[in-house]
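Take a look at the structure below.
Everything numeric here is computed off the predicted structure, so don't read it as measured data.
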Amino acid sequence: MARRPVPEYGEDFSFVSPVVKYMLFIFNMIFWMMSVVMISIGVYARVMKHAEAAMACLAVDPAVMLMVIGVLMFLITFCGCIGSGRENICLLQTFSICLTIIFLLQLAAGVLGFVFSDKARGKVSEIINNAIIHYRDDLDLQNLIDYGQQEFSCCGGISYKDWSQNIYFNCTPDNPSRERCSVPYSCCLHPEDEAVINTMCGQGMQGLDYLKAGVFINTNGCIDKLVNWIHENLFLLGGIALGLAIPQLVGILLSQVLINQIKDQIELQRYNLQHRSDPWS
């Protein structure tokens, strides 16, 4: 009777590459630590706010957004860390599927935003108007809006008169606020040699027409400025999108390679177990 061929791989052989395994582990560990930092910052910022103000603008709170992104990143990278360290196919598949879904959603959002640019513009306008309404309710949101208006040299959504949507800056005659008909100081045109910022420089600006107000403040809205900035920086945005996509694609590739290696290792162990007592092996 012919002897059976001796298996090519011994019992000490492993298909699982330590390079792939620990590259994936370190890759996930880095992003896992980043997610912990993001969650910590978000929780700290949230706790430091007054409860009433925090609940009033929950949908536009940057701290909440930071926590949500951090929690999602934490869960996904946790699956990747444990899956690669323990060579767990189920966790690695979960990690790979989640990254694939996120990548496809980002791709779809980019395509839809380009195809339906008018609707995307309307959504951005809605977000900005909502932020204007809650400007005084959240210090983080206030700082974010002030920074944006100063960087883009703009004021409001479509125009500076959008600030009338805020109860403090509303232009109605029965508004008792001291900031009635005003705009935030971040809308103002500040001289280069100004040593101390005049935070009351936007007082009564909504009551002036465009030409008169344009002497003291930026009258153009931030939506048009933002759209123009996007058109002028398409290569930069493309580079950022590519920078976000590459780690995701690397994670998907490494996880799939490791999954296939683990499956091959399992088949090898089954083969060795079946032929361990074979007298012809």
OH of Tyr44 to CE of Met67, rounded to nearest 0.5 Å, is 14.0 Å
Correct closest heavy-atom pair for Cys79 and Thr94 would be SG-CG2, 4.1 Å
d(Cys155 SG, Lys161 NZ) to nearest 0.5 Å is 12.0 Å
Is there a path of hydrophobic side-chain contacts, each under 4.5 Å between heavy atoms of I/L/V/M/F/W/Y residues, joining Leu253 to Val20?
yes
(Q) Could you check whether the SG atoms of Cys154 and Cys187 sit less than 2.5 Å apart, since that is the cutoff I want to apply? (A) no
Count I, L, V, M, F, W, Y as connected when their side-chain heavy atoms are under 4.5 Å apart, and connections chain through other members. Are Val183 and Leu226 then in the same cluster?
yes
**OP:** Applying side chain to side chain contact (heavy atoms under 4.5 Å, CB included), run through Glu87 and Gln265 and close with a yes or a no.
**Re:** CA-CA 10 Å; Glu87 299 180 12; Gln265 183 64 23; 5.6 Å; no
Of all heavy-atom pairs linking Ser255 and Ser96, the shortest is OG-CB, 3.4 Å
Value for CD1 (Ile128) from CD1 (Ile145), rounded to nearest 0.5 Å, stands at 9.0 Å
Exercise for the section: Taking the side chain as every heavy atom from C-beta outward, state whether His134 and Gln142 have any atom pair closer than 4.5 Å. Expected result: no
Gly204 and Ser182 have their tightest heavy-atom pair at N-OG, 3.1 Å
Check: Do Gln106 and Gln248 have side-chain N/O donor and acceptor atoms under 3.5 Å apart?
Finding: yes
Met73 atom CE, over 12 foreign heavy atoms within 6.0 Å:
yes
If only atom types and distance count, is the side chain of Asp162 paired as donor or acceptor with the main-chain N or O of Ile158 below 3.5 Å? yes
Correct closest heavy-atom pair for Phe103 and Ala245 would be CE1-CB, 3.8 Å
Checklist entry - Same cluster for Tyr160 and Val124 if Ile/Leu/Val/Met/Phe/Trp/Tyr side chains link at under 4.5 Å? => result yes
>> Taking the side chain as everything from C-beta on, heavy atoms only, tell me whether Met34 gets closer than 4.5 Å to Met29.
In response: no
Sorted by chain and number, sequence neighbours left out, side chain to side chain donor-acceptor pair (under 3.5 Å) with Ser84 holds for none
Closest non-hydrogen contact found for Asn28 with Ile76 is OD1-O, 4.4 Å
Residue pairs meeting side chain to side chain donor-acceptor pair (under 3.5 Å), one or both in residues 218-229, sequence neighbours left out, come to Arg121-Asp224
Original post:
Yes or no on side chain to side chain contact (heavy atoms under 4.5 Å, CB included) for Asp146 and Tyr185, after CA distance, side-chain angles and deciding distance?
Top reply: CA-CA 8 Å; Asp146 287 335; Tyr185 76 94; 3.8 Å; yes
Are the side chain of Gln206 and the backbone of Phe169 linked by a donor-acceptor contact shorter than 3.5 Å?
yes
**Report entry** Ser186 side chain to Gln150 backbone, donor-acceptor under 3.5 Å
**Finding:** no
Exercise. Applying side chain to side chain contact (heavy atoms under 4.5 Å, CB included), run through Gln261 and Ser17 and close with a yes or a no.
Key: CA-CA 8 Å; Gln261 291 179 347; Ser17 170; 3.7 Å; yes
Quick check: do Val250 and Ile246 have side-chain heavy atoms less than 4.5 Å from each other? yes
Separation between CG (Asn170) and CD1 (Ile133), nearest 0.5 Å, reads 11.0 Å
Discussion item. Would you say that more than 12 heavy atoms from the other residues, nucleotides or ligands in this model lie under 6.0 Å from the CZ of Phe78, or not?
Written reply: no
Report yes if the side chains of Met38 and Ile41 come closer than 4.5 Å at any heavy-atom pair, otherwise no. no
Rounding to 0.5 Å, atoms CZ (Arg180) and CG (Asp174) come to a distance of 8.5 Å
Q: Compute the centroid of each ring, for Tyr135 and then for Trp163, and state whether the two points are separated by less than 6.0 Å.
A: yes
Review point. When hydrophobic residues are tied together by side-chain contacts of less than 4.5 Å, even through go-betweens, does Ile217 share a cluster with Met200?
Key: no
Checklist entry - Aromatic rings Phe27 and Phe95: how do their planes relate, parallel, tilted or perpendicular, breaks at 30° and 60°? => result perpendicular
- Hey, mind stepping through Cys222 and Gln149 against side chain to side chain contact (heavy atoms under 4.5 Å, CB included) and telling me if it holds? CA-CA 7 Å; Cys222 294; Gln149 291 191 146; 3.9 Å; yes
d(Leu92 CG, Ile252 CD1) to nearest 0.5 Å is 13.0 Å
Cluster overlap Leu99 with Val257, hydrophobic side-chain contacts below 4.5 Å | yes
Taking every heavy atom of Leu91 against every heavy atom of Gly83, the minimum-distance pair comes out as CB-CA, 3.8 Å
Cys188/Cys201 under disulfide bond (SG atoms under 2.5 Å apart): CA gap, chis, key distance, verdict: CA-CA 6 Å; Cys188 296; Cys201 57; 2.0 Å; yes
Sorted by chain and number, sequence neighbours left out, side chain to side chain donor-acceptor pair (under 3.5 Å) with Tyr210 holds for Ser159
Less than 4.5 Å apart, any side-chain heavy atom of Val68 and any of Met65? no
